[in-house]
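Some notes on the structure that comes next.
Not measured: the values here are computed from a predicted model. Lettering of chains follows the sequences in order, A, B, ..., and the numbering in each one begins at 1.
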Amino acid sequence: MAPIHMPSALSFELIAKCSVTKARAANLRLPHGEVPLPIFMPVATQASLKGLTPEQLEDTGCRLCLNNTYHLGLKPGQTTLDAIGGAHKLQSWPYNILTERSFQMVSLLKLSKVTEEGVRFLSPHDGSPMLLTPEHSISLQNSIGSDIIMQLDDVIATTSPDHARIEEAMKRSVRWLDRCIAAHKKPEIQNLFCIIQGGLDLELRRQCCAEMVARDTPGIAIGGLSGGEAKDAYCKVVDTCTGLLPEKKPRYVMGVGYPEDLVVSIALGADMFDCVWPTRTARFGNAITSSGTLNLRHSSYASDFSPVEEGCPCVCCRPPEQGGLGITRAYIYHVAAKETAGAHLLSMHNVHYLLTLMKSARTAIVEDRYPAFVKGFFAKLYPERSKYPEWAVTALKGVGVDLLVN
Amino acid sequence: MADNLTLGLSQLPDEMLTFTLLKASEGLTPRLGKLAFPGRSTIQTPHYIGNASRGVIPHLSQDLFRKHTNIDAIYVPLEDFVEKAPQHTPPVYELDLPDAESPLRRFIALKQDAFLIMGARRTPPIAAPAANTNGAISILTSVGFRHLASSDYVAAAQKLRPDIVVGLGDIVYKQQAKPSNKRVAKMADRTEAWTKDIVDGKSGLDKTTRDGPRYSIFASVLPISSELQSSYVDELADELRDQLSGLAIYDPSSLTDLPQALTPLPRLSFSEPSSPRQLLHELSLGTDLLTIPFINAATDAGIALDFIFPPANASSSTRRPLGVDMWSSTHATDLSPLSSGCGCYACKRHHRAYLQHLLAAKEMLGWTLLQVHNHAVMDQFFAGVRASIGKDKFEEDRVAFEAVYEAELPERTGQGPRQVCVIVNGVRGYQFKSEGPGEAKKNASAYRMLDERKELLAEASTPSSGTDAKDLENIGFAEVVERQ
Ligand SMILES: [Zn+2]
Ligand SMILES: [Zn+2]
């Protein structure tokens, strides 16, 4: 089909490229302000980031967070969102919002069935058949008013053995993209991102990239990953897709949040990431640090009066002498899973950690020392090189960084 | 040095807690005062004290506490910190700090200028099945019931250095059966002995620190008639008087017939008033400081407190509710603040529609914002009370308040965070603990492979949680299709 030129409500300014890997640094200007790329976006599923106030989220440095279309569609619902004036107003968040597509949750319901029209599912409540279409999804996101909206796609588990179904899903996602573009009422203030599908089949991914790039959406997401596939396969898909995507558009890998995944994915040319893990894991007392994830509910931390992470400048860790709270691991142990505030403190730290990691990565790219940054990151995370995950070593070798050589 | 000796204490005069009565009359009447201590914000009384759970006001992380509340004093129960004692030293005791800094304050990240008041038990306490003994009271930690010896309590006060220690009392709480005569006879004797322990602990038994423990003591007055504890109370007024900085009361009626010598002392009440009306009654008798469990209870119930003192003139014949049930769907698109005229963070930045959404979505932030608002309402309430007492209009205003507002807080209609903690978080909030010891530990294993879908599914409700297909269609989520 002939390329369509979509209006865009963003500007993408590439400011640096790593001379070794495919890593890039950019400025992404969105309707609610500019954000630096690469970026990690915390997930405020239901218009709230697990107990943190929008102000606390702002204080972690976040300027772009996620809401989930599906959840907001259920609560408070489209009519209410229209009456209130969208999700920014609902949560008094003056910065950017990206809405995660609504389909994913429905597709996970046992009785869902995808047809060309949309997703059919039985209402688990009264058994009546329901239909969710690309047009519904866009209409709902138009009501939410998010700065970045996602197309409705046909997602198949990457681990599915049914090749024909994966191919069908990829092709249907392309057709649904056309319907989403046609249904999108506010392209001048909301940026529609397409979602590349095709499972782990690199040929299907290539075809999907070609078709979707031709549609010229303001940004591009690589979807269908983070579903339990092997990390090697994940890296191959990301690497293949970024190789085919236009340089001047943001690339968003959906559902990625482990620090090592982010660092490797950036090297493979991805710019944007989101994940519920950092805040969800905080509720179970898990602190993300540069030397790994610590479960502060373990009794070995009961009398550990060091900060969650030494030298961390977040509100929680910063010592009182420097205007912080000086929260210790022992105190998190004391309140974890007993007081909601314990989860709030750790969420602030975890989100801050990932945002700071992205900031350091960006600085390293700008200063053209990303390979050294990656090596330093892994050296800190794993005490011995023999413990480095093989997938990471392989993936990074593919973009010119040998983790096992100084 | 000689000066210190003549004072009989290792404290210098400028390190002392002072309470100044600004206005008080004979008998049980409302009064005005101010509580001051070097380095702490001066508290105008009457006022409330923040009621902490494990060192934190429920739902308010320490940064929010500093930024968005005006709470200048918190009550911290020792039973929240001594799980493994006496077999293992409680962690907070191992926090070694230079000088006279309070390890407890540092541990819970309490701001420097807030008063730290330590007692033995939470308020309201969970009644323990085991009786107190001559040397120890029964407490409940997060791992179960056990005894806390008076000597251990003294050691805790010395080590943890709160500003104020509430002396142990052999209290029979409201929730418990009335004490037998035999028990009553023992209560005063025990409490007297324990009060002497904490007094002795203060006057220099601890020679290890340069300036000695510097806590101030509020002695417990038992919730029984004054005849039944007359010899103890006389002892407080006489022998122990110089060592006391205040009184802790559990029933306002125990202020009746207190010896004159105890009148200048600030009175901290743990009587658990269930409503503003009961609270006003208590203030009318001359209570200076209180913990107010109904603030947390209203927050957990999803109720935004909505009253002022003195009340605006009664304009209708029906009494006004004392709070707004934020669960009600009538707020769904209401962009107005929780209560008009409130200047708190929740009211300034957010609106009723968001609060209603957060509660319906069982998002923790709902309770956080309510907590900010409800404490702000109490700040205003107490400011109004003090102004009213100052103008000698308290009784009049109190009568007007009772005429304008309902007697009790609104009934709860929605789920509290207790259920949400269980269902959504998979963990229980300690602040809702009531079942006692031996509960199973909930544990989430760390995820090996990140599975975004599983995480998302675990995140919140799926359509199975009671949603009607027509509802889904009505809210524009999807459409109902004809059955084939
Ligand atoms: Zn930190
Ligand atoms: Zn307010």
Residue selection (most heavy-atom pairs with chain A, distance under 4.5 Å) from B:Gln62, B:Lys84, B:Arg66: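 If we count pairs closer than 4.5 Å to chain A, B:Gln62 comes out on top.
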Calculate, to the nearest 0.5 Å, the distance between atoms [atom1] and [atom2] belonging to [X] and [Y] respectively.
X	Y	atom1	atom2	value
B:Leu365	A:Leu57	CG	CG	10.5 Å
A:Leu90	B:Thr333	CG	OG1	11.5 Å
A:Thr340	B:His59	OG1	NE2	5.0 Å
A:His334	B:Ser142	NE2	OG	8.0 Å
A:Leu72	B:His357	CG	NE2	6.0 Å
B:Leu358	A:Lys75	CG	NZ	11.5 Å

Shortest non-hydrogen separation from A:Thr80 to B:Ala332 and the atoms involved: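 Nearest heavy atoms, A:Thr80 then B:Ala332: CG2-O, 3.4 Å.
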Show me, pair by pair, the donor-acceptor contacts under 3.5 angstrom made by side chains of residues 90-98 of chain B, not counting sequence neighbours?
| from | atom 1 | to | atom 2 | distance (Å) |
| --- | --- | --- | --- | --- |
| B:Glu94 | OE1 | A:Ser303 | OG | 3.3 |
| B:Asp96 | OD1 | B:Lys159 | NZ | 3.4 |

Residues B:His68 and A:Glu55: side-chain donor-acceptor under 3.5 angstrom: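 Their side chains do contain a donor-acceptor pair, which is all the 3.5 Å distance test asks for.
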Interface residues of residues 104-113 of chain B facing chain A - heavy atom cut-off under 4.5 Å: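 At a heavy-atom separation under 4.5 Å, chain A is reached by B:Arg106, B:Phe107, B:Ile108, B:Ala109.
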Heavy-atom distance under 4.5 Å to chain B: side chain of [X], backbone, both or neither?
X	value
A:Leu325	both
A:Phe305	side chain
A:Ala47	both

Working for side-chain contact (heavy atoms from CB on, under 4.5 Å), residues A:Thr53 and B:Tyr345: CA-CA 10 Å; A:Thr53 65; B:Tyr345 166 75; 3.5 Å; yes
Choice from A:Met348, A:Gln91, A:His344, A:Glu135 maximising heavy atom contacts with chain B below 4.5 Å: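 Option with the top pair count is A:Gln91.
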Closest-packed option against chain B by number of heavy-atom pairs under 4.5 Å, given A:Ala83, A:Pro320, A:Gly285: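 Top option by heavy-atom pairs under 4.5 Å: A:Pro320.
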Check: A:Leu52 and B:Met364 side chains under 4.5 Å, non-hydrogen atoms: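 Of all side-chain heavy-atom pairs linking A:Leu52 with B:Met364, none is under 4.5 Å.
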Close side-chain approach of B:Glu363 and A:Lys50, heavy atoms under 4.5 Å: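 The answer is yes; the side chains approach within 4.5 Å.
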Pairing residues for B:Ser329 by the side chain to side chain contact (heavy atoms under 4.5 Å, CB included) criterion, not counting sequence neighbours: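 Testing B:Ser329 for side chain to side chain contact (heavy atoms under 4.5 Å, CB included), a comparison that skips the adjacent residues, returns B:Gln356.
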Pairing residues for A:Asp304 by the side chain to side chain contact (heavy atoms under 4.5 Å, CB included) criterion, not counting sequence neighbours: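 Partners of A:Asp304 by the side chain to side chain contact (heavy atoms under 4.5 Å, CB included) criterion, ordered by chain and then number, come out as A:Tyr301, A:Ser306, A:Arg329.
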Residues B:Ser61, A:Gln56; criterion side chain to side chain donor-acceptor pair (under 3.5 Å); working and verdict: CA-CA 10 Å; B:Ser61 54; A:Gln56 284 173 307; 3.1 Å; yes
Carboxylate-amine/guanidinium proximity below 4.0 Å for A:Lys338 and B:Glu83: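 Salt bridge: no.
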Evaluation steps, side-chain contact (heavy atoms from CB on, under 4.5 Å), between B:Lys67 and A:Asp59: CA-CA 12 Å; B:Lys67 214 165 170 181; A:Asp59 289 345; 3.4 Å; yes
